[in-house]
Asker: 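Once you've had a glance at the structure underneath, I'll fire off some questions.
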Amino acid sequence: MNEMKKKVMVSGIQPSGDLHLGNYLGAVKNWAELSDEFDCYYFMADLHTLTVRQDPAALRRRTLTQLAQYIACGLDPEKNTLFIQSHVPAHSELGWILNCYTMFGELSRMTQFKDKSAKNSDNINGGLFTYPTLMAADILLYQPDLVPVGEDQKQHVELTRDIAQRFNNIYGETFKVPEPYIRKVGARIMSLGTPTSKMSKSDPNGCVFLMDSPDDIARKFKRAVTDSDRENCVRFAPDEKPGVANLMNIYSSVTGKTFDEIEKEFAGQGYGAFKPAVGEAVIDCLRPLREETDRILKDKAYLESVYKEGAAKASYVANKTMRKVKKKVGLVAQS
Ligand code: TYM
């Protein structure tokens, strides 16, 4: 049988907080829809979280919860390679090598580095600075065609492409140069409290977590900041009405309705009717995910089997790339 080789996808999420609606709509939901078409590698980026101080027990708990959530969100471990980043040592190894092919100036320009150093001014460590080279290693090890991410990670994927091209120019074709894969709807979910900033776990009031109770979700949407225009009308105008546009984006992502359909549905009703309706739609969307996560989390042996098998499959592919890289740069092979 001459089976066509599937295209490859790779992506990860830091278990530095519980998964939120932005992670789900911007990343995991799209991943689940791609499982049949692509050969997919998805991991818990636990090494990345160490750039900011973590409580060790909480980090371990969140890493396993995140794995359970990946599965609950539709990532079938039979169809996707699911693993914990630190279980595949090739990530750190290639990360070091790529550091030596990445310029200080390039790393200094990264927006996430600037934002995080401003927020953690007492701990601007080397890992925070070289974070994008570890991310480049995470990606390039698997020779992917596409990297599905939200809008905020586009700059890191572009740097990954630059590093891959630079390496290939010096040593000949070694890495596939991947493209970022960013969906239009859901790629940038904003905070419910400050709709001009992206939804993030560091702003718990503006952030809806996948494990939030229905009451909490309803409350957060009722309090969502809409715009102080006098129009009080549900209309998609991101520059003029960022709060309403964000809620429309969320509603569209969870219901599949277009912006036109949403405008018609709420014509003449105002924000007072719209906000709780978005809350209800999000509750309906997240309820089965929360229940399934709780169920999977109880089965520790199953989770362990998933991450062990995932690490074995990922290591096989990653080590193949590592052998090629080591040979090219001049490291002596062990066997
Ligand atoms: P992280 O952990 O911050 O976010 C994980 C994924 O969720 C997306 N995302 C959002 N999408 C829409 N709206 C939001 N408000 C929102 N917040 C987060 C992110 O774009 C991302 O796709 N460096 C990465 C993790 C990483 C990675 C990788 C990703 C490490 N290695 C290799 C891809 C490939 C990060 O910090 O994402």
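All of these numbers come straight from a predicted model, not from anything done at the bench. Both counts, for ligands and for their atoms, begin at 1 and track the order of listing.
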Asker: Do any nitrogen or oxygen atoms of Ser11 come within less than 3.5 Å of a nitrogen or oxygen of ligand 1?
Answerer: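 Not met; the criterion fails.
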Asker: Taking both backbone and side-chain atoms of Asp152, is any N or O found less than 3.5 Å from an N or O belonging to ligand 1?
Answerer: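 Yes, there is a polar N/O contact under 3.5 Å.
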Asker: Note the single closest protein heavy atom to atom 11 (N) of ligand 1, along with its residue, its atom name and the distance in Å.
Answerer: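 Answer for atom 11 (N) of ligand 1: Gly22 O, 3.2 Å.
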Asker: Is ligand 1 under 4.0 Å from a heavy atom in the side chain of Ala187, in the backbone, in both, or in neither?
Answerer: backbone
Asker: For Gln85 and ligand 1, answer yes if some heavy atom of the residue is under 4.0 Å from a ligand atom, otherwise no.
Answerer: no
Asker: Hey, which atoms in ligand 1 end up nearer than 4.0 Å to a heavy atom of Ile189?
Answerer: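 Ligand 1 atoms under the 4.0 Å threshold to Ile189: 12 (C), 13 (N), 14 (C), 15 (N).
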Asker: Under 4.0 Å, heavy atoms only, figure out whether ligand 1 is touched by the backbone of Asp138, its side chain, both or neither.
Answerer: side chain
Asker: Taking both backbone and side-chain atoms of Val10, is any N or O found less than 3.5 Å from an N or O belonging to ligand 1?
Answerer: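 No, Val10 has no N/O under 3.5 Å of an N/O on ligand 1.
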Asker: Given ring-ring contact (aromatic ring centres under 6.0 Å, His included), test Tyr101 with Phe167 step by step and report yes or no.
Answerer: CA-CA 7 Å; Tyr101 297 84; Phe167 197 97; 5.1 Å; yes
Asker: Which is it for Arg188 and ligand 1 at heavy atoms under 4.0 Å: side chain, backbone, both or neither?
Answerer: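 Arg188 to ligand 1: backbone contact only, side chain stays beyond 4.0 Å.
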Asker: Which residue and non-hydrogen atom of the protein lie closest to atom 17 (N) of ligand 1, and at what distance in Å?
Answerer: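 Heavy-atom neighbour on the protein nearest atom 17 (N) of ligand 1: His20 CE1, 3.5 Å.
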Asker: Starting from atom 2 (O) of ligand 1, what is the nearest protein heavy atom, named by residue and atom, and what distance separates them?
Answerer: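 Of the protein heavy atoms, Gln14 N, 3.0 Å lies nearest.
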Asker: At a non-hydrogen distance cut-off of under 4.0 Å, which region of Tyr142 contacts ligand 1 (side chain, backbone, both, or neither)?
Answerer: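 It is neither; nothing of Tyr142 touches ligand 1.
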Asker: Is it the case that atom CD in Glu263 sees more than 12 heavy atoms from other parts of the structure closer than 6.0 Å?
Answerer: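 Yes, because the 6.0 Å sphere around CD of Glu263 holds more than 12 heavy atoms from other groups.
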Asker: For ligand 1, does Ile139 get within less than 4.0 Å through its side chain, its backbone, both, or neither, judged by non-hydrogen atoms?
Answerer: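 Looking at Ile139 and ligand 1, just side chain atoms fall under 4.0 Å.
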Asker: Are more than 12 heavy atoms from other residues, nucleotides or ligands located less than 6.0 Å from atom CZ of Arg223?
Answerer: no
